[in-house]
Amino acid sequence: MIRIVSNYARLGIGFLAGLLLIRLLGGRIGPDLVALWLLVGSQVGIAGIFLTLTEGSLVRELGRAWHEGPEAFRPIFATSLLLASGLAAFAGLIFALLWYGIDLLDLPEGTTPLARKIVLAEALVSIVGIVGSPFQALFGVRERFVLQNLVLLARRTASLVAVLCISSFGSAEEQLAEFVLLNAWITVAVLAFAVLAQAKQEPLARPDFSVASRQALLEILPTFGWNSLIVLFLNLNVRVVSLLVNLLLGMAATVPYQFAIRLSAYARMLAEGTGSGVDAVTVRIQKERPDRISAWLSRVTEIQAMATFPVGALIFIGAPTLLEVWLGPVLERSSGLLESTSLVTRLVVIQMMIRALADGWLRVFYGLGLVERYARLVTLSGVVQPIIIVAAAGIWGQVLVMPAVVLVAVTALFQMFFIPLRLERAHPGFLSEIRTSLRWPLGATLVAAPVLLPLWNPKDACELILWGGGYLVLIFGLLFRRFNKIRGPLSAGD
């Protein structure tokens, strides 16, 4: 329960900070430059995926070694630091390619130098973060979720601090350049603090490269390698769609897609409150109480659905109203932007809901060391998706919703059909367990969703509070008792 509460405290504050950030930044520099920052940031994020990759993919091996004792942990941790450093160097090469390839993007006139500054700033953050990622992973291994969330919250709110500190003088381009550089330095300071704090708290986390070994590397690589593929392709899908939208449809389509992806991502962000730390807890349960894995898997799936379905329904139905209240003055600068962004949002949020739901059981199976069972399917989905988008663009031309439709279709087919069938072989009864786990959250959402119908077309903030608030009260009432009931058997260890 501590894990979930601290996760939601962090995500709730981060959620509000993110909403405020785009509103403030958009008010200063306009929708086109905000979309530029989001677009280039998402492509820089392709290299930055290595940060997510190392933080997430080391949890199981570090956790396993920790539970085996200091003699097993020291060489694994030292070797993971060397592995992370190697990945940081490789990420640096990708940043260099992004720097030279920035001319390929369809950007607002005269903003190429600004885009390169964004690449440099993000490169600094990602490389420092990748090198220190084993320390960040150790927060999860030690189940210090409160401290972990404080660090993550500081990283998430660095952008808000930066936008509040930049000068209001100068052109919009100059203000954006000042923002990205200040944001980078604040984030690097947070990352450095996290590393130093972890090293001070945990004597075993103080680097001793003399105990690093080839044997430790061989122990890390099998699970790390497969999970790295999964993290890579799961995080690439939306970023590749952003890139293809820009290359195939131009900057005019990029703007609504970037705002739609940002809003839709909040559905998955809130679901992270229940999913973060699941892999580390799974490692412990497998070692201490392996007979409870099925109960743990069902619980994770149901709580993940409780966090995903209600928020997803709110964004899907109320997209025009949410966008109007959130970005009204920003969207008013471009005619038709609200309508196009709402349409794309309603498609993208479906993909985000599917992805958020599947994240729960994928993290459990990763914690069980069964990542190889589904890694190839995740990789295949990541390869197939851009091929279909390019082919569809060649057949039907510049259709705004086409990339989003492909994104939803491919994600649904693989995450809700092919991968669950594969996991059923690894864990017989899995399909029956997830069907049972989804009944309450899905049923409650379907019952409460009609309350949101007045928000289908743009409304003001008062109506959003009235109908959205009524919906949240109803959905909370429908799910609260169920949530308390399923906490039972594993609550002491959760």
Side-chain angles (χ1 to χ4, degrees), residues 18-43 105-111 114-115 118 159 163 171-173 175-176 179 238-239 241-267 312 314-352 389 393 396-408 452 454-461 463-464 468:
L19 291 176
L20 187 57
L21 167 67
I22 300 298
R23 179 67 178 253
L24 291 174
L25 192 61
R28 285 194 173 203
I29 64 177
D32 287 350
L33 286 182
V34 172
L36 167 69
W37 172 57
L38 294 173
L39 171 67
V40 176
S42 70
Q43 301 318 306
L105 297 177
D106 181 21
L107 303 177
E109 186 177 354
T111 59
L114 176 58
I118 297 174
S159 299
V163 79
S171 66
E173 289 81 4
Q175 290 184 55
L176 181 56
F179 163 73
V238 173
R239 289 178 170 93
V241 167
S242 297
L243 177 62
L244 291 176
V245 166
N246 184 264
L247 295 175
L248 298 174
L249 305 181
M251 193 66 194
T254 298
V255 176
Y257 263 87
Q258 290 306 314
F259 287 131
I261 289 170
R262 189 77 175 193
L263 178 59
S264 302
Y266 291 129
L314 174 61
I315 294 176
F316 179 84
I317 297 174
T321 300
L322 290 168
L323 289 165
E324 175 67 29
V325 173
W326 177 33
L327 296 173
V330 179
L331 297 176
E332 286 171 2
R333 299 189 184 189
S334 300
S335 177
L337 185 55
L338 175 61
E339 292 76 11
S340 59
T341 305
S342 300
L343 179 59
V344 175
T345 298
R346 283 175 168 151
L347 290 169
V348 174
V349 76
I350 298 173
Q351 188 269 349
M352 293 291 183
I389 291 175
W396 290 295
Q398 295 186 334
V399 180
L400 177 67
V401 299
M402 179 267 298
V405 170
V406 174
L407 178 66
V408 173
L452 295 171
L455 303 180
W456 184 264
N457 294 312
K459 298 292 190 301
D460 59 23
E463 293 211 45
L464 175 60

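For clarity, every value in this text was computed on a predicted model and none was experimentally measured.
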Enquirer: Say you draw a straight line from OG1 of T254 to CG of D32; how long is it, rounded to the nearest 0.5 Å?
Expert: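 The distance works out to 10.0 Å.
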Enquirer: Has S264 got a side-chain atom pairing as donor or acceptor with V348's backbone, closer than 3.5 angstrom?
Expert: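 Side chain of S264 to backbone of V348: no pair is present.
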Enquirer: Any side-chain heavy atom of P458 within less than 4.5 Å of one from E463?
Expert: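 The answer is no; the side chains never approach within 4.5 Å.
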Enquirer: Any side-chain to backbone donor/acceptor pair from N246 onto D106? Under 3.5 Å, distance only.
Expert: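 Checking the backbone N and O of D106 against the side chain of N246, a donor-acceptor pair under 3.5 Å is found.
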Enquirer: Which pair of non-hydrogen atoms, one from L455 and one from G468, has the smallest distance, and what is that distance?
Expert: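 L455 and G468 have their closest heavy atoms at CD1-N, 4.1 Å.
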Enquirer: Are the side chains of L407 and L347 in contact, using a 4.5 Å heavy-atom criterion?
Expert: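 Not touching, per the 4.5 Å side-chain cut-off.
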Enquirer: Just jot down the side chain to side chain donor-acceptor pair (under 3.5 Å) partners of Q398, sequence neighbours excluded, or say none.
Expert: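 By the side chain to side chain donor-acceptor pair (under 3.5 Å) rule, Q398 matches no residue at all.
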Enquirer: Looking at every non-hydrogen atom in both residues, tell me the closest pair between R346 and I317 and how far apart they are.
Expert: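 Closest approach of R346 to I317: NH2-O, 3.0 Å.
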Enquirer: Does V325 offer a backbone N or O that forms a donor-acceptor pair with the side chain of R23 under 3.5 Å?
Expert: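 The answer is yes, because a donor-acceptor pair under 3.5 Å joins these two groups.
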Enquirer: What is the distance from atom CG of L38 to atom CG of L33, rounded to the nearest 0.5 Å?
Expert: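 L38 atom CG to L33 atom CG measures 11.0 Å (nearest 0.5 Å).
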Enquirer: Report yes if some heavy atom in the side chain of L39 is under 4.5 Å from a heavy atom in the side chain of L107; otherwise report no.
Expert: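 They are in side-chain contact.
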Enquirer: Would you compute the distance between atom CG of L323 and atom OG1 of T345 and round it to the nearest 0.5 angstrom?
Expert: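 Between L323 CG and T345 OG1, I get 5.0 Å after rounding to 0.5 Å.
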Enquirer: Could you tell me whether the side chain of Y257 and the main chain of L400 form a donor-acceptor pair under 3.5 Å?
Expert: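 Checking the backbone N and O of L400 against the side chain of Y257, a donor-acceptor pair under 3.5 Å is found.
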Enquirer: Under the rule for side chain to side chain donor-acceptor pair (under 3.5 Å), what residues qualify as partners of T341, not counting sequence neighbours?
Expert: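 T341 satisfies side chain to side chain donor-acceptor pair (under 3.5 Å) with no residue once adjacent residues are dropped.
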Enquirer: With side chains defined as the heavy atoms from C-beta onward, is the minimum distance between I22 and F259 less than 4.5 Å?
Expert: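 I22 reaches F259 side chain to side chain.
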Enquirer: Looking at side-chain heavy atoms only, is the closest gap between P403 and L248 below 4.5 Å?
Expert: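 They are not in side-chain contact.
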Enquirer: Compare all side-chain heavy atoms of R262 with those of L327 and state whether any distance is below 4.5 angstrom.
Expert: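 The answer is no, as the side chains (C-beta and beyond) never meet within the 4.5 Å cut-off.
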Enquirer: Work out which heavy atom in I389 is nearest to a heavy atom in V406; give both atom names and the distance.
Expert: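 Taking I389 first and V406 second, the nearest heavy atoms are CG1-CG1, 3.6 Å.
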Enquirer: Nearest 0.5 Å, what's the CD1-CG distance between I29 and L24?
Expert: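 One finds 11.0 Å between CD1 of I29 and CG of L24.
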Enquirer: Go through the structure and list residues passing ring pair (Phe, Tyr, Trp, His ring centres under 6.0 Å) with F179, not counting sequence neighbours.
Expert: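 Counting only residues at least two positions away or on another chain, F179 forms a ring pair (Phe, Tyr, Trp, His ring centres under 6.0 Å) with W37.
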Enquirer: With no hydrogens and no angle check, is any side-chain donor or acceptor of T321 less than 3.5 Å from a backbone partner on N457?
Expert: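 Checking the backbone N and O of N457 against the side chain of T321, a donor-acceptor pair under 3.5 Å is found.
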Enquirer: Report yes if the side chains of V399 and L249 come closer than 4.5 Å at any heavy-atom pair, otherwise no.
Expert: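 Contact flag for V399/L249 side chains = no.
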Enquirer: Would you say the side chain of L464 lies within less than 4.5 Å of the side chain of K459, judging by non-hydrogen atoms?
Expert: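 When only atoms from C-beta onward are counted, L464 and K459 do not touch, as no gap falls below 4.5 Å.
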Enquirer: What is the minimum heavy-atom distance between L36 and A115, and which atoms define it?
Expert: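 L36 and A115 have their closest heavy atoms at CD1-CB, 4.4 Å.
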Enquirer: Please assess I315 against M352 for the test side-chain contact (heavy atoms from CB on, under 4.5 Å), listing each intermediate value before the final yes or no.
Expert: CA-CA 11 Å; I315 294 176; M352 293 291 183; over 6 Å; no
Enquirer: Show your working on side-chain contact (heavy atoms from CB on, under 4.5 Å) between L105 and L243 and close with a plain yes or no.
Expert: CA-CA 8 Å; L105 297 177; L243 177 62; 3.3 Å; yes
Enquirer: When you compare the side chains of Q258 and S242, does any donor N or O come within less than 3.5 Å of an acceptor on the partner?
Expert: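 Indeed, the side chains of Q258 and S242 share at least one donor-acceptor pair under 3.5 Å.
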